[in-house]
Structure formats: C-alpha cells, structure tokens
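Accompanying notes for the structure given below.
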Amino acid sequence: MPVTGSFNAIALRRRLLRFVLRQQKCYYKGLFVSLAFWDFPSRFSPARFSLPWAIYGGHAERESVWKIPLSFNAGNDVYMALSSEKSLRSWIAPGIEGGTLPLLPGGRAMSWTNDVARACILQLNRPLYLSLRGGAWELLELSGVEPGDAAQPLPVHAQIPPIHPAQFGDPQFRGTHGLRYNYVTGAMANGIASEAVVEAMARAGGLGFFGAAGLSPERVERALKHLAASLGSLPYGFNLIHSPNEASHELAIADLYLAHGLHLVEASAYLDLTLAIVKYRVAGIHRDAAGRIVAPNRVVAKISRVEVATRFLSPPPEALLDELLRQGHITPEQKELARQIPMAEDLTAEADSGGHTDNRPAIALLPTIMALRDRLQQRFDYATPPRVGLAGGISTPASALAAFSMGAAFIMTGTVNQACVESGSSDLVRQMLAEAGQADVAMAPAADMFEMGVEVQVLKRGTMFSMRGARLYELYRSCGSLEEIPAAERAKLEKQFFRATLEETWQSTRAFFLERDPRQVTLAEADPKHKMALLFRSYLGQASRWANAGDASRKIDFQVWCGPAMGAFNEWVKGSFLEAPGERRIATVARNILFGAAVLQRAHLLRLQDVPVPHDLFTIVPKRAEELEELFA
C-alpha cells in the first residue's frame, strides 16, 4: 500500500538538499539516495524536463531499494508515493563496494570531453550525472529504465542539479516583491535611474528604483504618474534620500509618495532616522482579519555602517512615533503596532559603490550585517525576519555568484546601469564609462552633505571634478566667508570653476534656493559661511546635471558617480558586443550577469567533485538578447 504525502516544492527541495549536500556521496549509515529530481522554480512545469520524476533510494545492508514517484498538481505541489521495496541485487554494479554509491537504473554513457562539458553545463535546466570508470569520466544519460529491469545500473560519482537564475537569493524576497529574479537596480540620483531603467527592470522580472534624489517635487510627481500608468501592478520603487540640510524637502517627497500610494522606497544615505522616513514606514499600519500586523509601506534601506543598520533593523524610535502621534498622523493603536516591526524588512549592504559609499569591502560587510540582523531578530522576534542583500562592486557573473554564495538575499547594481542606454545620463558620459578602468575612480565632496565633509565616489578619468571639488572643500574649511578667499584663488574660481563672478554665481544660487528651500537663503544672508557653502554646493550640484545633459563645454567638470565595478564590467565584456556603449541595455546586462552566475555555479559544483571542467567555461562570454530568451525559457 503506497504511503502518500503532500509537500510544497520549496520545502521538499530544502529537505532533500539538506540531506544530499551533507553526504558527499549520498550515503549515510548504509542509506543512499539518487536524485532524478533536484529542484525547480514553482512556475516551471515538470514536463519541461526529460527526467523521470522520482527519487531512488535504498539500503545497502538490507539489499533493499525503493522508488518514490513524484506527481504534481496545478499549483506545483509535490506528491510522493512510496512503493514497496524491491531487490537491490541486480542493481549493484561490479566493483561498487557495498552499494555505497548512488545508482542510475540503466542508460548510456558518453565520454566527458571538453565539447560535451561546454554543451551540457550551459544547459542550465539539465541535471548532470557522471561516472568515473577506468580513470576516465563519462556522462550518464537516463534511458527511462525502471528499477528491476535487466539493464546494467550505472554508478554515479558526481552530479549537479538544474540551476536557473531565478533560484538565486531569497525566495521570500522574490515573493514579497513579486519578482522573477532577486536582481535590483539602485536609485542613482538626479533621474539617472530613469523611468526607462525602472520600466526595463520591471518587465525583465527584476526590481528597479527611480532616482528621485536631487529632483524637484514636481519632477518626482511626473515620474510617479508616468510609472503608475506604464507599469500598473508590476513591481517598482522610488528613492528617499536623507537630506539633513533640507529636511523640509525630504518630508515633502515622503508626503508625495504617500499621496500617490507608492508602497516601496529605497532609503539611502541615512546617517540617522528622520521623521520623513518613519512617517512613510508606519503610515496605514493595521491588523488584518487574522490579527497579523500589516505595514503597507516597505523600506529597502541601503546601509554600510553597523550603527545605521541597527537603526533600520530596530522598531521606529519612540520619540519620532510620539511626534507623529502629536501631529495626528498615527493613532495610539498604530503607535503600538509600529513598535513591533523593523524600520526596514530589507537591507542592502552597500560596499565599494559609486556615489555615497564608505568603501567597505563586500566580503567583510555582508557577513557583518547578516550577523547583526540575526542578533536583532533574536532580540525583537519579528514575524518576518529582515533580509539582507548586497550592492557595490557587482557587475559581472563572478561577483554576482560571490554575493549569492555568501548568503545575499538579492543583489543590487548601480554604476553599470548608468552605462546603459536607458539611463538618464548622456551618451558622452556613457562613452566615458565604457573607457573606465577599475582604478579610474576617486572620492569627492558630496553636494547634499558638503558642510559635513561627506564624500561620494566618482569617475576621475576624463574629468577634473574630484580635484576641483576637493579644492572647494579646502577653501570652505579655511575661509570664513567668500570675502576671505585670496584674490588669486577667487580669480581661478571665477574663470575655471563658475565661469562667472562670485556675485553673479550667488545671485543664481539664491534664485534656485528661493524656489527650492527659502529657509536656506535666510540662513545664508545671516551667516557668510553658510552663503559660501551654498555657492560651492551649486558647482557640485550642477556638475552632475552638466554630465546628464552631455554639455561638452563642461566635460572637464562632469560629476559622474562611479565605482570600481565599472572597470570590472568593461574588462569582462571586452571583445564582445557589450563593449559598445550603444549595445548596453538594462535587461540584457542583467540577464547576462545572472546567466553567467548560473553557469559558474554549475562549473564550480563539478570542480568540487574533481570533475575536469574546461578553463574557458569560467570566462563567460556575453550573449545577445535573443540567445538569452531561449536560454531563460
């Protein structure tokens, strides 16, 4: 009488892999299992694979063997039926001591040549079984022979499962945000992460954030309306950046998101939590019919420091909740619910990235933040443990696989997206980025946090922005006002930096802030040093806009946010169609990175089992969109 049971596909996968990976040869106290089915994403139809859907197992000492057929319902739940035991005697191949190796129930073998290896490893959905006979590796192929038949059983010395790019990362992150892939594009400011970038990412199965930082509320609102109409229910988000010098602007953007029903933001550059980000996070919090806490607005917090990560992994600060309660934005009941959720359910550990960065090494940062997450989860016991992804330095298949192998729930790319045709940057900048090497980056003062000495990482090849920005900060530190700047330095600023007199530059700066934040003008007229800071910030801020507009007359002043990942990407794609800036598209780049990571994973798994793998398989050649469509099908 068969024993039946129903399992969710993900739960079954975890049970099987936990056992199989623990036992190098699938052997434990006489028990062995040979998997004819390893894993598949829930959206896949089992009929797409050629394998018999079964798990073979047995016990060497008892000379017993069983087959567990697998069947699937419409929801891809897995049903297992355990049949009666059958004799193992006909299965034991000569020379296999005690049946300690898993066996395939017959089939054929072919030589494991370099050409065969290349063809098989690139077929991501194909499980591979190999046998070592007479010192030579052979690829085993199932012929559909059932246990008990007269066919010669085939011993398996190495095997790898199907690996699809959709399997990388945390399935809960993918499910929560409605994604196909745990691949995210970061919100590069001033609209560099444009509407087109967000649209391309959403339609490719990933998640894109619009780069709202540095833009006016009117421009942000246009983007909100455009993406809502264009993408509908597809996933996307917007950026909310910490603006310590413009708290009212930060709050205005948060209110704009709430008014438009935007339920996902990327919080970036935060040094501490603000009323704006807390207000966004807890707005509309309630219990559902089952009594579970529901916070409609989600935050993906980009962090690189433990102290900032701690704030986002903790409930909202009591003082800010009290202020929201006092202002009437939340009720006492909502305040109590807010105490039971983290500020962010997802954190991006930002390593050595372009723009705002602390230049932390990814290999040290990610484990640190994950350990912190585990500690705080144990303390607060959230219903949903926060997830941790990785950004900074990710632009190749190898770096993506490294991130996922370290446990990243998702990966986030940045600079490489600016180099794509959909970005809000210019063709001139895209060409500059295509020529960049890994060392062609430098740190420069940040326009939004200039007075605090905060820096951003920028491209230094082909531009003098980093040096000129550093000179402005030196003058700000050494002089109390514009009038104290030495005459020679003043002349250089007017001729080379601003291309106008300082008085003319101040008048245009004043007009800008009267529209954006009049309070800054009031402060500047009362404080000469603040006036100098605003004027210097005008150069830093415009340098990014000159770059985005492709103003060739200002190329020497371009501020182009860039990390060393850009050089790594250029080195990877050299000699391929992606070397040309005009060929770089968001979805094509993303899919090549993910496909390459899956190929590398399969190659590494074989190499770990001493199977020879052609060296060139570890150098992934980018493929065109039409090839990727077939490979991803």
Exercise for the section: For E451 and R537, run salt bridge (Lys or Arg N to Asp or Glu O under 4.0 Å): C-alpha distance rounded to whole Å, both residues' side-chain angles, the deciding distance at 0.1 Å, then the answer. Expected result: CA-CA 9 Å; E451 297 94 318; R537 282 170 57 189; 3.6 Å; yes
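For R281, there are no side chain to side chain donor-acceptor pair (under 3.5 Å) partners two or more places apart in sequence or in a different chain.
A donor atom on one side chain and an acceptor atom on the other are found under 3.5 Å apart for S544 and N190. For the 3.5 Å distance criterion, the side chains of T310 and R375 fail to qualify, holding no donor opposite an acceptor.
Sparse packing is recorded around CD of E515, with 12 or fewer heavy atoms of other residues, nucleotides or ligands lying under 6.0 Å away. The environment of CZ in R585 is sparse: at most 12 heavy-atom neighbours from other residues, nucleotides or ligands sit within 6.0 Å. Around atom CZ of R554, more than 12 heavy atoms belonging to other residues, nucleotides or ligands sit under 6.0 Å away.
Within the structure, ring pair (Phe, Tyr, Trp, His ring centres under 6.0 Å) pairs that include any residue of residues 220-240 comprise F210-F238, F238-Y257 (at least two apart or interchain).
A cation-pi contact, defined as under 6.0 Å to the ring centre and within 45° of the axis, is absent between R387 and F410. Both the sub-6.0 Å distance and the 45° axial angle are satisfied by K529 relative to the ring of Y476.
In terms of heavy-atom proximity, T501 sits nearest to E494 at CA-OE2, 3.5 Å.
The aromatic rings of W572 and F569 sit perpendicular to each other, their planes meeting at more than 60°, with 30° as the lower class boundary.
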